[in-house]
Amino acid sequence: QVQLVESGGGLVQAGGSLRLSCAASGSIYTVNRMGWYRQVPGYQRELVAGITSGGSTNYADSVKGRFTISRDNAKNTLYLQMNSLKPEDTAVYYCNGVMTTVQRRGALSTYWGQGTQVTVSS
């Protein structure tokens, strides 16, 4: 019913920048909160940044001042601008969305994208 598709990952040198995008499509009725998570093999998935429907944001301490999350509500698209990248930012980055659908307007559900690899070389 709802698909989240990430793009923009890749290989970059330390100090470089990348911009991730996440396009949400399908039978979306409302979009509540969206966010970016990341996961390294053998570790739990962790929140990188989140943004509410009203535009309030929060960030993991490790990315504050370097990453910026934003959203285009008209396009149902989420972004993550990543600057001053470090090798420890290497991970698979996942888009997350909390939404209601046309079929279930009264129920919030959580959706995940398939992930996009970000690799930062030293």
Side-chain angles (χ1 to χ4, degrees):
Q1 293 181 334
V2 174
Q3 298 81 39
L4 301 180
V5 179
E6 301 102 334
S7 60
L11 173 64
V12 64
Q13 288 189 332
S17 299
L18 283 174
R19 188 192 194 206
L20 304 182
S21 299
C22 171
S25 63
S27 57
I28 299 168
Y29 186 61
T30 61
V31 178
N32 193 315
R33 180 180 179 83
M34 298 191 76
W36 289 97
Y37 289 71
R38 65 187 181 187
Q39 187 169 23
V40 175
Y43 292 83
Q44 285 190 332
R45 192 171 296 186
E46 64 174 3
L47 175 68
V48 176
I51 185 168
T52 67
S53 57
S56 296
T57 59
N58 66 293
Y59 296 90
D61 288 342
S62 59
V63 307
K64 283 180 181 177
R66 300 188 298 121
F67 291 10
T68 303
I69 188 171
S70 61
R71 61 193 283 178
D72 184 331
N73 290 333
K75 296 181 179 179
N76 283 337
T77 301
L78 181 70
Y79 304 97
L80 185 68
Q81 178 66 43
M82 304 186 294
N83 298 328
S84 302
L85 282 161
K86 304 176 180 179
E88 51 263 43
D89 294 319
T90 296
V92 178
Y93 283 70
Y94 296 90
C95 174
N96 167 277
V98 179
M99 307 173 186
T100 62
T101 63
V102 172
Q103 294 80 8
R104 298 183 66 199
R105 299 184 182 187
L108 287 170
S109 298
T110 299
Y111 299 91
W112 291 92
Q114 81 286 352
T116 185
Q117 177 70 47
V118 171
T119 303
V120 184
S121 63
S122 57

Q. Any donor and acceptor pair, going by atom type alone, linking the side chain of Gln114 with main-chain N or O of Val5 inside 3.5 Å?
A. no

Q | Pairwise side-chain contact, Val31 with Asn73, heavy-atom cut-off 4.5 Å (strictly under) | A | no

Q: Would you give the length of the straight line joining atom OG of Ser27 to atom CE of Met99, rounded to the nearest 0.5 angstrom?
A: 10.5 Å

(Q) Count I, L, V, M, F, W, Y as connected when their side-chain heavy atoms are under 4.5 Å apart, and connections chain through other members. Are Val118 and Leu78 then in the same cluster? (A) yes

(Q) A quick test of your reading: do over 12 heavy atoms of other residues, nucleotides or ligands sit less than 6.0 Å from CD of Gln13? (A) no

Q.
With clusters defined by side-chain heavy atoms of hydrophobic residues (ILVMFWY) lying less than 4.5 Å apart, directly or transitively, does Val120 cluster with Met82?
A. yes

Q: Measure the shortest side-chain to side-chain distance between Thr90 and Val40 over non-hydrogen atoms and say whether it is less than 4.5 angstrom.
A: no

Q. How are the rings of Tyr94 and Trp112 set to each other: parallel, tilted or perpendicular (split at 30° and 60°)?
A. perpendicular

Q.
If I take atom NZ from residue Lys64 and atom OG1 from residue Thr57, how far apart are they, to the nearest 0.5 angstrom?
A. 9.5 Å

**Q.** Closest non-hydrogen atom pair, Arg104 against Ser109
**A.** NH1-OG, 4.0 Å

**Q.** Heavy-atom closest pair, residues Tyr93 and Arg38
**A.** OH-NH1, 2.9 Å

Q) Would you say the side-chain atoms of Asn83 and Ser17 include a donor-acceptor pair closer than 3.5 Å? A) yes

**Q.** Side-chain donor or acceptor of Arg71 paired with backbone N/O of Thr52 under 3.5 Å
**A.** yes

(Q) Could you check whether any side-chain N or O of Tyr59 sits under 3.5 Å from a backbone N or O of Ile69, counting only pairs where one atom can act as donor and the other as acceptor? (A) yes

Q.
Check this for me: does any side-chain nitrogen of one of Asp89 and Lys86 sit under 4.0 Å from a carboxylate oxygen of the other?
A. no

Q) Which atom pair, heavy atoms only, marks the closest approach of Pro87 to Ser122? A) CG-CB, 3.8 Å

Q.
When you group the ILVMFWY residues by side-chain heavy-atom contacts below 4.5 Å and let the links chain together, are Tyr79 and Val63 in the same group?
A. no

Q. From Met34 CE over to Asn96 CG, what is the distance, rounded to the nearest 0.5 angstrom?
A. 7.5 Å

Q: Please report the shortest heavy-atom distance between Leu18 and Leu85, naming the atom on each side.
A: N-CD1, 3.8 Å

(Q) Is there a continuous path of hydrophobic side-chain contacts, each under 4.5 Å between heavy atoms, that joins Val48 to Tyr111? (A) yes

**Q.** Closest non-hydrogen atom pair between Ala49 and Leu80, with its separation
**A.** CB-CD1, 4.3 Å

Q. Going from SG on Cys95 to CD on Gln3, what distance comes out if it is rounded to the nearest 0.5 angstrom?
A. 12.0 Å

Q.
If I compare all heavy atoms of Cys22 with all of Leu4, which pair ends up nearest, and what's the gap?
A. SG-CB, 3.9 Å

Q: Please check if any side-chain donor atom of Thr100 sits under 3.5 Å from a side-chain acceptor atom of Thr30, or the reverse.
A: yes

Q) Should Tyr29 and Val98 be counted in the same cluster of Ile, Leu, Val, Met, Phe, Trp and Tyr side chains packed under 4.5 Å apart? A) no

Q: For Gln81 and Thr68, indicate whether the former's side chain and the latter's backbone hold a donor-acceptor pair under 3.5 Å.
A: no

Q: Could you tell me the separation between the OG atom of Ser25 and the CD atom of Gln1, rounded to the nearest 0.5 Å?
A: 12.0 Å

